[in-house]
Amino acid sequence: MFGAVLVVLALAGPASAHVTIGPDTTAKGGSDVELTFRVPNEEDQANTTQLEVDFPTDKPITGVLPEPTPGWTVKVDDVTLATPIKTDDGTVTQVVQRITWSGGQIPPGQYQGFRVMLGSLPDNADSLTFKALQTYSNGDVVRWIDVQQPGQPEPDHPAPVLTLTAAAPDGASPSAPSSQVTATATASAPASSPSSAGITASAKTSDSTARGLGIAGIVIGVLGLAAGAFGITAARRKGAGTGTPE
């Protein structure tokens with residue numbers, strides 16, 4: 001029994017990593033979207049020396065630009081569309097069909113990210129599949145081209161897939177739902193309220209203080225006048241009582 005378990009574990013081996021894309025979800029019809037093809041090295045004694053990625057031409061993406069990757073050379077192949085695409089910048093007749101990175105090396109136990117910018121995504125698709133070929137220095141080629149079928153287990157070499165979601169409403173950020181925007185606005189609003197409330201309270205306090213001081217000053221003034229008048233009257237009476245008759 002113990003020997004059978006060892007055989008099963010030996011056959012299972014370590015879990016393999018796949019060529020993936022990140023982020024793997026974005027909005028339909030989005031523009032200037034940055035994607036990264038993440039390529040792990042699954043060999044023990046060979047380096048990855050080339051990555052070839054095919055772009056979907058049945059659901060074309062316009063304005064694809066690869067980012068320079070240090071140590072790697074990039075080659076872009078275009079294809080002419082059977083039906084041109086009309087955009088705000090004019091009519092597009094050619095799109096990227098394939099991008100190939102070569103000349104670099106991904107050692108065993110490491111991975112490399114290859115970044116691209118997509119100028120404009122289609123708005124009539126739910127997902128985009130990017131089939132990829134990974135070439136090793138020993139001549140091995142891993143074909144990441146299997147398409148996941150609904151209700152079926154994940155294939156051994158799945159192709160990277162970008163899921164497209166419904167576009168965000170006009171004026172709302174795709175990464176922040178309208179409810180979140182409203183909540184954020186509501187939460188940030190009181191930040192300025194305490195200061196204005198403090199100014200109003202301070203103004204009311206100053207006004208009350210000024211009025212109190214004014215009234216106190218009037219009272220003191222009245223008392224002073226009364227005291228002065230009393231003193232003059234008393235002096236006159238005193239003088240009248242002590243005078244010498246003629």
Side-chain angles (χ1 to χ4, degrees), residues 16-26 28-123 125 127-148 155-164:
S16 61
H18 303 327
V19 171
T20 58
I21 191 172
D24 58 4
T25 302
T26 191
K28 296 180 179 181
S31 59
D32 296 338
V33 177
E34 288 188 349
L35 298 181
T36 301
F37 293 97
R38 296 172 296 209
V39 183
N41 187 326
E42 296 181 310
E43 295 276 355
D44 294 329
Q45 304 294 329
N47 298 327
T48 294
T49 57
Q50 180 173 292
L51 174 68
E52 178 184 308
V53 177
D54 289 341
F55 283 67
T57 55
D58 56 335
K59 302 168 185 176
I61 305 170
T62 62
V64 177
L65 297 175
E67 180 181 72
T69 304
W72 294 79
T73 300
V74 61
K75 180 177 181 292
V76 179
D77 295 319
D78 295 333
V79 63
T80 300
L81 295 174
T83 303
I85 301 174
K86 293 183 179 181
T87 68
D88 294 338
D89 298 326
T91 301
V92 177
T93 59
Q94 286 189 328
V95 295
V96 170
Q97 179 184 32
R98 182 180 300 108
I99 296 181
T100 303
W101 289 269
S102 61
Q105 295 190 33
I106 307 174
Q110 299 184 24
Y111 88 100
Q112 175 73 54
F114 300 92
R115 298 179 63 183
V116 298
M117 176 175 285
L118 311 181
S120 181
L121 293 169
D123 56 7
S127 65
L128 297 174
T129 300
F130 300 84
K131 297 182 177 182
L133 301 181
Q134 181 180 8
T135 302
Y136 286 90
S137 56
N138 60 3
D140 289 348
V141 177
V142 181
R143 302 169 63 84
W144 302 97
I145 62 174
D146 297 337
V147 178
Q148 174 73 55
D156 292 336
H157 300 94
V161 175
L162 176 65
T163 300
L164 301 180

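Just so you know, these numbers use all the heavy atoms, side chains as well, and skip hydrogens, waters and symmetry mates. Residues take their numbers from the sequence shown, with the count starting at 1. The shown structure was predicted, so the numbers you read here are calculated from the model rather than taken from an experiment.
Side-chain contact check for Pro23 versus Leu35: some heavy-atom pair is nearer than 4.5 Å. Taking the side chain as every heavy atom from C-beta outward, Thr36 and Glu34 never approach each other to under 4.5 Å. Two residues are said to be in side-chain contact when any heavy atoms from C-beta on lie closer than 4.5 Å; Lys59 and Leu128 meet this criterion. When side chains are defined from C-beta on, Leu121 counts as touching Ile61, because their heavy atoms get closer than 4.5 Å. The shortest side-chain heavy-atom distance between Asp140 and Glu43 falls under the 4.5 Å cut-off. Side-chain contact between Gln45 and Pro108: absent, with no pair of heavy atoms (C-beta onward) separated by less than 4.5 Å. A 4.5 Å side-chain heavy-atom check between Leu162 and Val33 finds every atom pair outside the cut-off. Looking at heavy atoms from C-beta onward, Thr48 lies out of side-chain contact with Tyr111 at the 4.5 angstrom threshold.
To the nearest 0.5 Å, atoms NE2 (His18) and NE2 (His157) are separated by 8.0 Å. With rounding to the nearest 0.5 angstrom, the CG atom of Asp146 is 8.5 Å from the NZ atom of Lys131. Atom CD in Glu67 sits 11.5 Å away from atom CZ in Phe114 (nearest 0.5 Å). Taking OG1 from Thr91 and CG from Leu81, the interatomic distance works out to 11.0 Å, rounded to the nearest 0.5 Å.
Relative ring orientation between Phe130 and Phe37 is described as perpendicular, the plane-to-plane angle rising above 60° on a 0-90° scale split at 30° and 60°.
A salt bridge links Arg98 with Asp54: the distance from a Lys NZ or Arg NE/NH1/NH2 to an Asp or Glu carboxylate oxygen falls below 4.0 Å.
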Stepwise side-chain contact (heavy atoms from CB on, under 4.5 Å) check, Val74 with Trp72: CA-CA 6 Å; Val74 61; Trp72 294 79; over 6 Å; no
Given Asp24 and Val161, is the side-chain contact (heavy atoms from CB on, under 4.5 Å) satisfied, shown in steps? CA-CA 7 Å; Asp24 58 4; Val161 175; over 6 Å; no
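The ring-ring contact (aromatic ring centres under 6.0 Å, His included) search around Tyr136 returns none, not counting sequence neighbours. Applying the salt bridge (Lys or Arg N to Asp or Glu O under 4.0 Å) test to Arg38 and every residue at least two apart in sequence or in another chain returns nothing.
Residues Ile145 and Ala132 approach most closely at CG2-O, 4.0 Å, considering heavy atoms.
Between the side chains of Thr49 and Gln105, not a single donor N or O lies within less than 3.5 Å of an accepting N or O. Thr57 and Gln97 share no donor-acceptor pair across their side chains, judged by distance under 3.5 Å alone.
Residue Gln50 forms a side-chain contact (heavy atoms from CB on, under 4.5 Å) with just one option from Val141, Thr100, Leu133, and that option is Thr100. Paired with Phe55 under the rule side-chain contact (heavy atoms from CB on, under 4.5 Å), one option of Leu118, Val76, Thr129 passes, and it is Leu118.
Between the side chain of Asn41 and the backbone N or O of Ile106 there is at least one donor-acceptor pair closer than 3.5 Å.
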